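Everything below concerns the one structure shown next.
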Amino acid sequence: MQEPQGSSTSDGHGGDVVAERYLVESQQSASHIQLACRPPLCAFPLDGTALCVWSSEDPPHQLLILRGHHQPITAVAFGNTGSPLLVCSASQDYVITWELQECRERARRGAVPRGLVLGTLLGTVVCVRYSPDDRVAAVCAGNKVLVLDVKSRCTRVELEGHQGPVTTAEFCAWRTHVISASEDRSFKVWDYCQGSLVHSSSVLTGKELLRPLCPGCPCHSAGACDPCPEPRWSGV
């Protein structure tokens with residue numbers, strides 16, 4: 001890890017300052033890969049097949065390196081509960097969930113940190129998400145979404161129906177629904193417990209946009225949506 005650098009911009013944004021806190025050099029680019037942030041942590045692929053977890057509260061040069069993949073990592077996500085704090089890494093060979101505190105303790109003892117394999121040979125994974133309770137994880141691979149059970153480490157259900165690659169997915173906080181968006185310019189709402197399609201709609205955008213509108217609000221945006229006090233789906 002190299003020393004931080006800083007630079008300022010003068011492009012009409014009122015003298016905004018961009019400061020480089022730390023720089024980690026990797027032998028393989030991660031420019032089009034889903035990274036993960038959960039203050040004070042961030043997680044990203046290192047040299048293709050390793051997962052690097054950095055904390056702003058740790059000494060600058062102290063990185064947690066997690067190894068277990070043989071193929072380049074293509075998606076990373078943190079869990080939501082924080083107790084224990086999980087991080088998931090996905091590649092063409094494995095989808096692995098790591099318990100960070102346990103991994104840190106093993107690294108301090110000089111032992112090799114180990115994760116749990118949730119799935120194998122699922123294809124090229126472009127997005128992974130934990131459910132709000134971290135009991136399941138949604139994996140976007142090809143034209144489908146696979147819902148993996150974290151405890152039993154098996155595939156609970158495969159959600160198929162998109163005509164193009166699925167680019168992103170999000171869980172609903174208020175019910176057992178997962179929403180997916182695809183390059184076929186549609187988004188779908190699934191009941192992953194029943195394995196059924198609840199709603200399908202086209203969106204007038206090719207952007208990979210699917211996210212909660214605001215914390216605590218039971219709404220998601222797909223393409224564009226105005227905030228609302230009650231649950232609804234909108235594709236514009």
Side-chain angles (χ1 to χ4, degrees), residues 1-5 19-120 122 125-140 146-156 169-171 173 215:
M1 177 178 285
Q2 297 183 3
E3 294 300 325
Q5 300 177 359
E20 181 182 282
R21 292 288 303 277
Y22 300 104
L23 172 65
V24 179
E25 292 188 347
S26 176
Q27 296 179 1
Q28 186 165 331
S29 173
S31 60
H32 294 86
I33 294 174
Q34 176 197 353
L35 310 180
C37 291
R38 180 190 171 105
L41 300 170
C42 59
F44 49 90
L46 180 66
D47 299 333
T49 59
L51 178 64
C52 180
V53 181
W54 175 74
S55 171
S56 61
E57 297 178 347
D58 287 343
H61 298 276
Q62 185 173 326
L63 300 174
L64 177 62
I65 309 298
L66 306 175
R67 304 184 187 276
H69 293 278
H70 301 290
Q71 297 292 325
I73 295 172
T74 54
V76 183
F78 280 111
N80 297 298
T81 62
S83 182
L85 180 56
L86 304 177
V87 63
C88 185
S89 56
S91 68
Q92 286 190 346
D93 53 5
Y94 304 122
V95 175
I96 303 177
T97 185
W98 312 83
E99 188 176 319
L100 283 183
Q101 185 59 35
E102 179 183 314
C103 289
R104 288 183 180 277
E105 291 176 357
R106 289 183 64 90
R108 291 192 186 103
R109 299 196 306 266
V112 177
R114 299 186 182 277
L116 298 176
V117 176
L118 302 183
T120 59
L122 301 181
V125 177
V126 298
C127 179
V128 60
R129 290 280 190 269
Y130 282 103
S131 62
D133 57 11
D134 290 345
R135 293 184 178 180
V136 297
V139 172
C140 303
L146 300 99
V147 179
L148 310 180
D149 191 290
V150 174
K151 185 176 181 179
S152 63
R153 289 181 282 166
C154 65
T155 301
R156 178 178 290 191
E170 287 284 356
F171 282 93

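All of these numbers come straight from a predicted model, not from anything done at the bench. Position 1 is the first residue of the sequence; numbering continues from there.
Note: F44 CZ to L51 CG = 8.5 Å, rounded to the nearest 0.5 Å. Residue L64 holds its CG atom at 9.0 Å from CZ of R108, rounded to the nearest 0.5 Å. Atom SG of C127 is separated from atom CD1 of I33 by 13.0 Å, given to the nearest 0.5 angstrom. Note that CG of L86 and CD of E99 are 6.5 Å apart. Values are rounded to the nearest 0.5 Å.
Residue R67 places its CZ atom among 12 or fewer non-hydrogen atoms of other residues, nucleotides or ligands, all under 6.0 Å distant. R135 CZ: 12 or fewer foreign heavy atoms inside a 6.0 Å radius.
Across all their heavy atoms, C52 and I65 have their closest contact at SG-CD1, 3.8 Å. Of all non-hydrogen atoms in A43 and F78, the two that sit nearest each other are CB-CZ, 3.8 Å. Of all the heavy atoms in V95 and C88, the pair that sits closest is CG1-SG, 3.5 Å. Across all their heavy atoms, F171 and P132 have their closest contact at CB-CD, 3.7 Å. For A77 against Y130, the heavy-atom pair with the smallest separation is O-CE1, 3.6 Å. Residues C42 and C37 come closest through the heavy atom pair CB-SG, 4.0 Å.
Evaluated for a side-chain contact (heavy atoms from CB on, under 4.5 Å) with V76, the options V53, L35, V87, V128 yield exactly one hit, V87. No option in T120, V125, I73 other than T120 meets the side-chain contact (heavy atoms from CB on, under 4.5 Å) test with Y94.
No side-chain heavy atom of L148 sits under 4.5 Å from any side-chain heavy atom of T97. Put simply, the side chain of E102 does not reach to within 4.5 Å of the side chain of P84, judged on heavy atoms. Taking 4.5 Å as the limit, some side-chain heavy atom of L66 sits within range of a side-chain heavy atom of C103. A heavy-atom distance below 4.5 Å is found between the side chains of L100 and L41. Side-chain contact between H69 and D93 is present, with at least one heavy-atom pair separated by less than 4.5 Å. For the pair R129/Q34, a side-chain contact is recorded, criterion being any heavy-atom separation below 4.5 Å from C-beta on.
Sequence neighbours left out, the pairs with a member in residues 72-85 that pass side chain to side chain donor-acceptor pair (under 3.5 Å) are T81-D134.
With sequence neighbours left out, the side-chain hydrogen bond (donor to acceptor under 3.5 Å, both in side chains) criterion links R156 to D149. By the side-chain contact (heavy atoms from CB on, under 4.5 Å) test, P40 is found to be paired with S55, S56, E57, residues two or more places apart in sequence or in another chain being considered.
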